[in-house]
K.L.:
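Please see the structure below; I have some questions.
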Amino acid sequence: MKYLFKTLLILLAVLFGLKFFIHLFDKGHEVSYSSGNFKVKEILKTNSLYGSDSYYFELSHEKFKMNFQIPTNYNKAEKIINTIKYEKISNMYCIMPVFKGNKILTDIMCIDLQDKKNKSELLEMKFYRDLSNDKKKVLSGFVKSLKKYGYDVNDYNDSASSHKLSNTITLYDDNIVENHYIAAENYKGLSLYNNKQSNVKLFDNDVYKKSVKIFSDKYYIVADYNEQYSFKNFYVVNIINGKVSKIRSYDDLSFDIVVQGALNDEIYFFDKDSETQYKINLKHETVEKVSDKNNLKYYDGQWGNMTLNEAVSGKKFDRYHSNVPNGFVKADCLGNKVGYCYFYKKQNDNLFDVYRADVQNKKMITYLFTTSDMNSVIYLDDYIYFLNNNSIYYYHDKGVRQVLENTELEFNDDLLFGVYIK
C-alpha cells in the first residue's frame, strides 16, 4: 500500500512538472470564437511585447472590423473576452470588451465610418476620452450602462495635484510612477525626479546651449562645458542615484559635434572639425575612434555607411526605421511580428499628432497624443514620454498624464529630458 502511495505521489509530481515545463515554454496560441454578434480572433505571443505576454485581437462585425492589443498576462489563458458591449450612433461604432473576471482593460473604442472616404485611407479609431464633446454627449447612455462592469470615465482623465518647486518648475506628484526616474537638463547640470527632487551640478556657469549631450539607458552623457574651445572629458550621470563619473578622450574634441545615436552601451558621435567618427563605450569607460571621413557608419536597424555630407548635415541613427504612410511625416515601428508602429502627422508648424497601429494591421490607426517635438518622444515598455510645449507628459493605457511643467521651455527649446525604468 505504501509503495502504491509513493508511486502515485511520484507520478503526480512528474505530471505537474511536465505541465509546468510546457507552460513555461509555451509560445502562445491563436484561437477564434464568437462573442455576441462579433467574431473574435485572439492571438497570444509570449515574452514578445515589452518583455511580457501580449494579446492581439481582431473583432469582426457585419458592418466593421476593429483590432487592438492588450499587453497583459492572463496566465496564457484562451478566450479571455467574456462579452463585447456595443453601441451604434449614425456612422459611429463604439465597443467595450469585458475580459475574464469582468475586467475593463481599455477605454471605449470608437470608429466613425464617415471619416473613411475611400478604401486606400487608414481607418482611424479613437478612445472615448479623445472624442469631441458632442460625440461624448450622444454616448452618455452607453457610458452609463457600462458602470456595472466597473467602467469609470474618470479613470482616463488626468486629475493629479501639483506643487511648485520653483518659479519656473511645477511637479505633478500623483503622476510620478514609482520606478520611473526622470531627468531634465538645467543650465548648470541636471534635475532628477522620482521620490524626491534633487540637482546635479556639472558646470560652474550657466550653459544655455549644449549640442554635445544624450540620454542613454540610465545615463546622461554631456561634454565638459567648463572648457571653452575644446574638451577631453565627458560627464556621465547616473539618473537613478545622481552619481557623476568622467570618461576621458585621448584626442582633443571640438564642440562642433553631432551626437548620432546610442546602441546598447555605446554612444556614437561625429566631430565636424576633425571629420572623425567616435564612440563612447560606457561599459569600458573609453572614447574610441570608429572611422575617418571615408568610412562613416550608420545604423537604421542594421549597419551601413553614410556619406561625409550626411554626417556634416547632422544625420542621426534611426533605431525604429520604417516606411512612412502617405499624409504622415515620421514612422517608428517597435517590433516585427508583435508590437506597435507610431505615425506622426503634422498638425501645424509647432504640433504633431501621434497615432498608433498594431504591426499586425497597419491599416487601422489610433490617436494617442499631440507633441510639439517629435524627436523628444521616448518609448519605454508600455509608457511613452513626450514633450508638448513647456511640459513633459506620458501616455499609458489610462491616457495622457502631465508630469512636469517648466516655463523655461517657452524660451529655450534646447533643454533635454530622459527617463529610465528600473
Side-chain angles (χ1 to χ4, degrees), residues 41 43 45 48-51 54-58 64-71 109 111-113 115-127 130 214 258-264 268 270 296-307 309-311 313-388 395:
K41 181 179 180 181
I43 301 174
K45 297 290 186 181
S48 52
L49 181 62
Y50 311 132
S54 174
Y55 285 87
Y56 169 76
F57 297 94
E58 292 180 356
F64 65 96
K65 292 182 179 181
M66 296 179 74
N67 58 273
F68 61 96
Q69 291 187 68
I70 298 294
M109 296 175 282
I111 57 172
D112 193 337
L113 297 185
D115 295 337
K116 187 172 174 61
K117 297 177 182 178
N118 59 68
K119 293 182 179 179
S120 64
E121 291 182 346
L122 301 178
L123 180 61
E124 180 178 344
M125 182 174 76
K126 280 191 174 182
F127 291 113
D130 296 317
I214 190 173
V258 176
V259 180
Q260 297 169 311
L263 289 171
N264 301 319
Y268 288 78
F270 175 73
L296 301 171
K297 297 186 180 300
Y298 176 71
Y299 185 83
D300 65 352
Q302 60 184 4
W303 284 105
N305 294 320
M306 70 164 69
T307 66
N309 286 337
E310 287 175 328
S313 64
K315 185 173 183 178
K316 298 187 177 183
F317 292 2
D318 186 357
R319 293 174 57 194
Y320 310 116
H321 178 72
S322 181
N323 294 329
V324 181
N326 291 334
F328 294 84
V329 295
K330 182 184 177 185
D332 292 336
C333 279
L334 284 68
N336 185 11
K337 295 182 179 180
V338 177
Y340 294 121
C341 287
Y342 299 92
F343 301 141
Y344 292 72
K345 179 181 286 185
K346 190 173 184 179
Q347 187 184 119
N348 56 47
D349 289 340
N350 301 312
L351 292 174
F352 302 87
D353 293 331
V354 182
Y355 297 81
R356 182 177 71 190
D358 301 316
V359 297
Q360 296 96 322
N361 181 8
K362 299 177 186 177
K363 295 297 183 181
M364 174 172 281
I365 59 174
T366 304
Y367 169 78
L368 299 185
F369 58 86
T370 298
T371 178
S372 57
D373 182 0
M374 63 180 180
N375 296 314
S376 72
V377 178
I378 302 170
Y379 308 107
L380 289 172
D381 292 349
D382 49 348
Y383 287 81
I384 306 170
Y385 281 81
F386 63 96
L387 193 66
N388 196 23
Y395 172 86

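It should be emphasised that the depicted structure is a prediction, and the values quoted were computed from it without experimental measurement.
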K.L.:
How many angstroms lie between atom CG of Asp373 and atom CG of Asn350, to the nearest 0.5 angstrom?
P.N.:
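It is 11.0 Å, given to the nearest 0.5 Å.
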K.L.:
A cation-pi test, strictly: NZ or CZ of Lys330 under 6.0 Å from the centre of the six-membered ring of Phe352 and no more than 45 degrees from its axis. Yes or no?
P.N.:
no
K.L.:
So, using side-chain hydrogen bond (donor to acceptor under 3.5 Å, both in side chains) as the criterion, who are the partners of Asn388 when residues are at least two apart?
P.N.:
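Testing Asn388 for side-chain hydrogen bond (donor to acceptor under 3.5 Å, both in side chains), a comparison that skips the adjacent residues, returns none.
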K.L.:
Roughly how far, to the nearest 0.5 Å, is the CG atom of Asn375 from the CZ atom of Phe386?
P.N.:
15.0 Å
K.L.:
Check whether any side-chain heavy atom of Leu113 lies under 4.5 Å from a side-chain heavy atom of Leu123, and answer yes or no.
P.N.:
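Leu113 vs Leu123: side chains touch.
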K.L.:
Once salt bridge (charged side-chain N to carboxylate O under 4.0 Å, His left out) is applied, do any residues pair with Lys346, and if so which ones, sequence neighbours excluded?
P.N.:
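Listed in chain order: Asp349.
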K.L.:
Is there side-chain contact between Leu263 and Arg319, with heavy atoms separated by less than 4.5 Å?
P.N.:
yes
K.L.:
Look at atom NZ of Lys297 and say whether more than 12 heavy atoms of other residues, nucleotides or ligands are closer to it than 6.0 Å.
P.N.:
no
K.L.:
Output yes when a side-chain donor or acceptor of Asp381 lies under 3.5 Å from a complementary backbone atom of Tyr383, and no otherwise.
P.N.:
no
K.L.:
Please report the shortest heavy-atom distance between Val359 and Cys341, naming the atom on each side.
P.N.:
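Closest approach of Val359 to Cys341: CG1-SG, 3.9 Å.
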K.L.:
Checking the side chain of Ser376 only, and the main-chain atoms of Leu387 only, is there a donor and an acceptor separated by less than 3.5 Å?
P.N.:
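Answer holds: yes.
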K.L.:
May I ask you to test the Tyr355-Leu122 pair for a side-chain heavy-atom distance under 4.5 Å?
P.N.:
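No; the side chains remain at least 4.5 Å from each other.
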K.L.:
List in chain and number order the residues that pass side chain to side chain contact (heavy atoms under 4.5 Å, CB included) with Ala331, two or more places apart in sequence or in another chain; answer none if no residue qualifies.
P.N.:
Ser322, Val324, Pro325, Phe343
K.L.:
Which residues pass the side chain to side chain contact (heavy atoms under 4.5 Å, CB included) test with Thr307, sequence neighbours left out?
P.N.:
Asn309, Glu310
K.L.:
If the condition is side chain to side chain contact (heavy atoms under 4.5 Å, CB included), which residues does Asp130 pass it with, not counting sequence neighbours?
P.N.:
Phe127, Tyr367
K.L.:
Can you name the side chain to side chain contact (heavy atoms under 4.5 Å, CB included) partners of Lys41, sequence neighbours left out?
P.N.:
Glu30, Ser32, Ile43, Glu58
K.L.:
Could you state the interatomic distance from NZ (Lys126) to OG1 (Thr366), rounded to the nearest 0.5 Å?
P.N.:
11.0 Å
K.L.:
Minimum heavy-atom separation for Leu368 to Arg356, with atom names?
P.N.:
CD1-CB, 3.5 Å
K.L.:
With rounding to the nearest 0.5 angstrom, report the NE2 to OH distance, His321 to Tyr298.
P.N.:
7.0 Å
K.L.:
At their closest point, which heavy atom of Gln360 faces which heavy atom of Gln69, and how far apart are they?
P.N.:
OE1-NE2, 3.6 Å
K.L.:
Report yes if the distance between the aromatic ring centroids of Phe328 and Tyr344 is under 6.0 Å, otherwise no.
P.N.:
no
K.L.:
Would you give the length of the straight line joining atom OH of Tyr395 to atom CD1 of Ile384, rounded to the nearest 0.5 angstrom?
P.N.:
7.0 Å
K.L.:
Taking all non-hydrogen atoms of both residues, which atom of Lys362 and which atom of Cys333 are closest, and how far apart?
P.N.:
NZ-SG, 4.1 Å
K.L.:
At their closest point, which heavy atom of Ile111 faces which heavy atom of Glu124, and how far apart are they?
P.N.:
CG2-O, 3.6 Å
K.L.:
Do Asp332 and Tyr379 pair up side chain to side chain, a donor and an acceptor below 3.5 Å, judged on atom types alone?
P.N.:
yes
K.L.:
For Asp300 and Gln302, what are the C-alpha separation, side-chain angles and deciding distance, and is it a side chain to side chain contact (heavy atoms under 4.5 Å, CB included)?
P.N.:
CA-CA 5 Å; Asp300 65 352; Gln302 60 184 4; 4.0 Å; yes
K.L.:
In Å, rounded to the nearest 0.5 Å, how long is the span from NZ of Lys315 to CG of Leu296?
P.N.:
11.0 Å
K.L.:
Indicate the atoms forming the closest heavy-atom contact of Met66 with Met109, along with that distance.
P.N.:
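Closest approach of Met66 to Met109: CE-CB, 3.6 Å.
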K.L.:
Strictly distance-based, threshold 3.5 Å: is any side-chain N or O of Asp358 a donor or acceptor partner for the main-chain N or O of Asn361?
P.N.:
no
K.L.:
So Phe317 and Tyr299, would you call those rings parallel, tilted or perpendicular, with 30° and 60° as cut-offs?
P.N.:
tilted
